[in-house]
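Reading through the structure tokens given below for one structure.
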Amino acid sequence: MRVYNTLSGQKEELTPVDSSQVKMYVCGPTTYNYIHLGNARPLVVFDSVRRYLAYRGYKVAYVQNFTDVDDKIIKRAAEENREPRELASQYIAEYFVDADRLGIKRADVHPRVSEHIPEIIAAISGLIDKGFAYAIDGDVYYRVKAFAEYGKLSHRSLEDMLAGARVEVDERKEAPVDFALWKAAKEGEPFWESPWGKGRPGWHIECSVMSTKYLGDTLDIHGGGSDLVFPHHENEIAQAEALTGQPFVRYWMHNGFITVNNEKMSKSLGNFFILRDILDKFPADVVRFYLIATHYRSPLDFDDGKLEEARKALGRLKNTRILAREFLQSEAARSVGKEDEMSSGLVADVLAFQEQFIEALDDDFNTAKAMGFLFEMARAVNSFVSRADVKNQAHQDALGQSLEVFESLAEVMGLFQEPTGNGAQVDKLLDILGELRTRARQNKDFGLADQIRAFMLAIGVKIEDTGNGSRFRYEQTPDLADLIQECIDLRVRFKKNQNYQEADFVRERLQEEGIILEDTREGARWKFA
RNA sequence: GGGCGGAUGGCGAAGUGGCUAACGCUGCGGUCUGCAAAACCGCCAUUCACCGGUUCGAAUCCGGUUCCGCCCUCCA
């Protein structure tokens, strides 16, 4: 496997410190509001990296922090007249709501700055002892010029930085580039006791401390957005390596930005989209697909049209699964059937695409390229399904094997999240409406058939007719009550037309699914049996 | 000013020395269908911002030009 390493500017063979395990640390959000789409990209990207490493047989130790002590949190809390810690806790909880919806696997550890103050103080003391830091008036600064390799990650020299220095002028610092490890508390700010007085950690030290605490002195992969390269990650290296004397990180991975109209999406520009709002309009796996359909290091421009396109593209993949499952679940009597060119050809194609899928991901996690092979696989499967013989056991076996491969690869990318909620009962109601529509079609009552289809469409369910029966596709589980009400409305119509046969059919079918209708003077009401 | 990256069909997006420039969306034919949808079959870039060079051979390597984004200040 090869990984692009920001440190070297090249793709390098991935060789973890321990050959069976990969230690990963990903910079998590500063929790002072809901996360936006830009924050979601590294989450999805590195979650996919993690899943793929696991798929390739590595044990993955995954740590993602929360920065819950920070200027912005303090500021926001003051504005809302709340306790900073309480504000941060709330948004950590909200973070998990969003991340769970996206199918982001929980990290093995989610350390918080506020719970690691003693370790941070110890680290700062260590840096002072070794001459890499100095205290002034309750602040502690990192002495950048003491760390000879400063700038190696962001590929710039100290001279460059000093030359173009627009860094705030603080006369007390030895050099403008020195950065804070510990900040003395101002009036009204939260603080912890320390050898330098009351204060709190600076921004960069927490990641150095928490990553090495949970993963050891040398991590394999450290990930984050490319805006963290400088200064955040550069400073992490300076802190950690000065303290431990060991290489801090073997592979630095940075994802590109999401842009809006080709401008970086960021909190400071105000052009950001809250992830939760997007998830209200698009299924989570569509968002996920959108985020990995482009290589992680490339910029990714955002607008609703892109998500719409992602919805359609992913829909194609989901369709393949539906068609294949339908074929496999067919109740038609099976005949023995021999393996033939068709069935062996399918399996061979699918296995070849799987191999290429793996090759693509082995090369710096090229998810975009890998997706291409997933589509190729989908076409091979669809094509097979359209020509194969349901009753032929050999065809069944070939498709079963192929679908298994297809689904396992989709799973690696976190696609195909099953709809949640009361799906089973909804599906039964859909079946009833489907049966009513099939009966209408058989009676050549296409007006009624189309009306039912129109209703389905209105609640987000597409009907597709097949040789025997219809199938339903939906992205958001429809509301059960809407479906029941439609059944009732149809029954009222049947009764009005004195079509008691159909009216009774509705009542009986509902009853079979555990829904009791009771006719009253005002109309029908329903309840669960 | 310094550092990093980018420019591929109508759109999105792979491709980093040599098979017909993946794949998706859109569009156009055809099959299927009560109509539709989905699916299937087929078509849609002699060309990869521009100029020059290296090479038997370049979208891919080198030099230059133009344009664009990001970092150097909090940001994923």
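Just so it is clear: chains get the letters A, B, ... in the order the sequence lines come, proteins before strands, and each one is counted from 1.
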Anything under 3.5 Å between a protein N or O and an N or O of nucleotides 67-71 of chain B, put it in a table, one pair a line.
{"unit_1": "B:rC70", "atom_1": "OP1", "unit_2": "A:K264", "atom_2": "N", "d": "3.3"}
{"unit_1": "B:rC71", "atom_1": "OP1", "unit_2": "A:K264", "atom_2": "NZ", "d": "2.6"}
{"unit_1": "B:rC71", "atom_1": "O2'", "unit_2": "A:R156", "atom_2": "NH2", "d": "3.4"}

A:S154 near the nucleic acid: base, sugar-phosphate alone, or nothing, with a heavy-atom cut-off under 4.0 Å?
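Sugar-phosphate: the residue A:S154, judged by heavy atoms under 4.0 Å, touches backbone atoms but no base.
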
Could you tell me whether A:G256 contacts a base, only the sugar-phosphate backbone, or nothing, with contacts defined as non-hydrogen atoms closer than 4.0 Å?
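Here A:G256 touches the bases of the nucleic acid.
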
Using the side chain to side chain donor-acceptor pair (under 3.5 Å) criterion, which residues pair with [X]? Sequence neighbours excluded.
X: A:E486; result: none
X: A:Y290; result: none
X: A:D349; result: none
X: A:R311; result: A:E308, A:E475

Side chain of [X] - closest among [options]:
X: A:R471; options: B:rA76, B:rG34, B:rA38; value: B:rA38
X: A:H155; options: B:rG34, B:rG3, B:rA39; value: B:rG3
X: A:S298; options: B:rA14, B:rA39, B:rA76; value: B:rA14
X: A:N366; options: B:rA14, B:rA76, B:rA39; value: B:rA14

Side-chain N,O (A:N382) to OP1/OP2 (B:rA38) below 4.0 Å
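No, outside the criterion.
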
For B:rA39, does either OP1 or OP2 sit under 4.0 Å from a side-chain N or O belonging to A:S383?
no

Going by side chain to side chain contact (heavy atoms under 4.5 Å, CB included), name the residues that satisfy it together with [X], two or more places apart in sequence or in a different chain.
X: A:A180; value: A:Y141, A:K183
X: A:T294; value: A:R41, A:S298, A:L300
X: A:D445; value: A:A440, A:L448

Indicate, yes or no, whether a donor-acceptor pair under 3.5 Å links the base of B:rG34 to the side chain of A:D450.
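Answer yes: a donor N or O sits under 3.5 Å from an acceptor.
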
Whole-Å P distance, B:rA49 and B:rG42:
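So the two P atoms sit 30 Å from each other.
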
For RNA chain B, what are the stems built from at least three Watson-Crick or G-U pairs in a row, each pair having both distances below 3.5 Å?
B:1-7 with B:66-72, B:10-12 with B:23-25, B:27-31 with B:39-43, B:49-53 with B:61-65

State which residues pass ring pair (Phe, Tyr, Trp, His ring centres under 6.0 Å) with A:Y251; sequence neighbours excluded, sorted by chain then number.
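A:Y251 satisfies ring pair (Phe, Tyr, Trp, His ring centres under 6.0 Å) with no residue once adjacent residues are dropped.
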
For A:F179, the ring pair (Phe, Tyr, Trp, His ring centres under 6.0 Å) test, sequence neighbours excluded, returns A:Y142, A:H204

I need a per-nucleotide contact map over nucleotides 20-27 of chain B, read 5' to 3'. Cutoff is protein heavy atoms under 4.0 Å; write B for the base, S for backbone only, - otherwise.
--BSBSS-

